Amino acid sequence: MADFFTFEQLHDFPALTPPARLAVIGDPIGHSKSPQMHNPALQACGIDAQYVRIQVPIGRVKEAFSLFVKQGFLGVNITIPHKFEALDAVDVVDPLARQLGAVNTLAIRDGKMFGYNTDGPGFLRSVKEAFGAEIRDLRVLVIGAGGGAGRAVAVQSVIAGCRDLVLANRTEAKLEPLVEELRKVASAQTRLQTCSLEHAGLMQHLPEVDLIVNATSVGMKSGDAALLPGGALESRHLVYDMVYRASGPTELIQQATVAGAKHADGMCLLLHQGAISFEHWFDRPAPLEAMRAGLLKA
Ligand code: ATR
């Protein structure tokens with residue numbers, strides 16, 4: 001089977017066995033591991049459907065969604081660069097997706113398009129699974145809070161009751177608007193601080209945070225500069241690198257390992273956001289272990 005289908009093919013989608021009823025869209029999309037996670041889940045639940053990749057160009061998301069409805073699809077995951085365009089392309093936006101400012105999951109029910117965000121809730125579930133902790137009990141540092149992923153983590157953390165949040169970003173000017181936005185959803189007791197990505201700035205905050213989240217793209221390539229100086233982490237730190245690198249652990253995960261600190265990576269987020277998408281589509285618990293095994297195999 002092709003690695004991915006094209007937008008043009010959506011007009012007259014090929015008949016597959018099992019039939020294509022779920023998809024992930026993005027541009028590019030050939031690298032997505034979502035089918036290897038969702039197809040085992042569909043098999044485990046005895047659902048006669050398959051999950052495919054479809055490359056959709058920027059500006060065509062609304063049109064693609066209408067074609068998904070026409071072709072009898074049940075749901076779609078939306079990845080880079082379409083999560084913002086998707087927000088305006090659905091009939092009903094879930095309130096949390098509205099707050100997070102992005103839609104990454106479409107569920108089609110009786111011809112109507114419902115948009116959700118499973119990245120934020122997936123982050124909370126993965127923190128719970130990896131660290132046995134609730135975000136409301138943690139002091140959190142988000143490195144890369146000015147990017148799309150970092151912003152979602154920051155907003156979701158505050159909504160979930162986090163009382164102490166440090167926001168760091170290479171371009172510091174992006175942090176002030178985010179703080180203003182967070183103030184609207186945060187409780188009066190919530191402490192929001194900002195800092196630069198300079199090692200000295202980050203080091204000042206490390207003693208007073210529990211969870212450190214890397215939401216930058218640093219670490220995707222081996223040889224990327226380390227975000228933190230060597231020896232900066234303590235064994236009590238919880239380290240969440242949203243980057244997943246197939247070629248081996250990122251520098252940050254390596255530093256956490258050396259420090260004896262618990263850690264999680266982007267694979268954990270992919271798994272839990274995928275499980276929540278599955279729950280939106282089928283209104284039943286996702287077969288998490290089948291999904292995890294599929295991802296590990298991929
Ligand atoms: P997205 O918005 O989809 O999350 P992005 O625009 O690439 O992706 O931003 C990702 C984050 O990685 C941003 O916080 C970005 O910092 P800037 O706001 O300063 O651009 C951060 N980032 C990317 N490359 C970086 C690097 N080499 N060093 C530090 N931060 C970096």
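Please read these numbers as outputs of a predicted model, since none were measured by experiment. First listed ligand is number 1; within each ligand, the first listed atom is number 1.
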Engineer: So for Gly150, does at least one of its heavy atoms come nearer than 4.0 angstrom to any atom of ligand 1?
Structural biologist: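 Gly150: no contact with ligand 1 (<4.0 Å).
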
Engineer: Can you tell me which portion of Leu197 lies within the under-4.0 Å heavy-atom range of ligand 1? Options are side chain, backbone, both, or neither.
Structural biologist: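 Contact part for Leu197 vs ligand 1: side chain (C-beta onward).
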
Engineer: Identify which of Arg151, Lys174, Arg170, Glu172 has a heavy atom lying nearest to atom 18 (O) of ligand 1.
Structural biologist: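 Closest candidate by heavy-atom distance is Lys174.
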
Engineer: Should we count CD of Glu129 as having more than 12 external heavy atoms under 6.0 Å?
Structural biologist: yes

Engineer: Is the ring pair His11/Phe7 parallel, tilted or perpendicular, if the boundaries are 30 and 60 degrees?
Structural biologist: perpendicular

Engineer: Which residue supplies the protein heavy atom nearest to atom 4 (O) of ligand 1, what is that atom called, and how far is it?
Structural biologist: Gly148 N, 3.0 Å

Engineer: Would you call the rings of Tyr51 and His38 parallel, tilted or perpendicular if under 30° counts as parallel and over 60° as perpendicular?
Structural biologist: parallel

Engineer: For atom 5 (P) of ligand 1, what's the nearest protein heavy atom and its distance?
Structural biologist: Gly147 CA, 4.8 Å

Engineer: What heavy-atom pair brings Leu182 and Leu165 nearest, and what distance separates the two atoms?
Structural biologist: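 For Leu182 and Leu165, the tightest heavy-atom pair comes out as CD1-CD2, 4.1 Å.
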
Engineer: Identify, for atom 14 (O) of ligand 1, the protein heavy atom at the shortest distance, and state residue, atom and that distance.
Structural biologist: Asn169 OD1, 2.7 Å

Engineer: Any carboxylate oxygen within less than 4.0 angstrom of a Lys/Arg side-chain nitrogen, looking at Arg245 and Glu251?
Structural biologist: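 A salt bridge is present here (some side-chain N lies under 4.0 Å from a carboxylate O).
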
Engineer: Identify, for atom 11 (C) of ligand 1, the protein heavy atom at the shortest distance, and state residue, atom and that distance.
Structural biologist: Thr216 CA, 3.8 Å

Engineer: Nearest protein heavy atom to atom 19 (O) of ligand 1, by residue and atom, and its distance?
Structural biologist: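 Going atom by atom, the protein heavy atom closest to atom 19 (O) of ligand 1 ends up being Thr171 OG1, 2.5 Å.
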
Engineer: Quick one: which ligand 1 atoms are inside 4.0 Å of a heavy atom on Val218?
Structural biologist: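 Answer for ligand 1: 25 (C), 26 (C), 27 (N), 28 (N), 29 (C).
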
Engineer: Quick check on atom 28 (N) of ligand 1 - does any protein heavy atom sit closer than 4.0 Å to it?
Structural biologist: yes

Engineer: Are the charged groups of Glu180 and Arg183 less than 4.0 angstrom apart, N to O?
Structural biologist: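 No, no charged N to carboxylate O under 4.0 Å.
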
Engineer: Using the side-chain contact (heavy atoms from CB on, under 4.5 Å) rule, pick out the option among Leu10, Ile108, Leu106 that qualifies with Phe65.
Structural biologist: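 Checked Leu10, Ile108, Leu106 against Phe65; only one passes side-chain contact (heavy atoms from CB on, under 4.5 Å): Leu106.
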
Engineer: Within the 4.0 Å heavy-atom shell around Gly144, which atoms of ligand 1 are there?
Structural biologist: 14 (O)

Engineer: To which protein heavy atom is atom 7 (O) of ligand 1 closest, and what is the distance rounded to 0.1 Å?
Structural biologist: Ser217 OG, 4.6 Å

Engineer: Flag yes if more than 12 heavy atoms outside Ile80 fall under 6.0 Å of its CD1 atom; otherwise flag no.
Structural biologist: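 Count not over threshold, so no.
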
Engineer: Pull out every atom of ligand 1 sitting under 4.0 Å from any heavy atom of Ala149, numbered as shown with elements.
Structural biologist: 4 (O)

Engineer: Please name the pair of heavy atoms, one in Leu296 and one in Met267, separated by the smallest distance, quoted to 0.1 Å.
Structural biologist: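 Distance-wise, the nearest heavy atoms are CD2-CE, 4.0 Å.
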
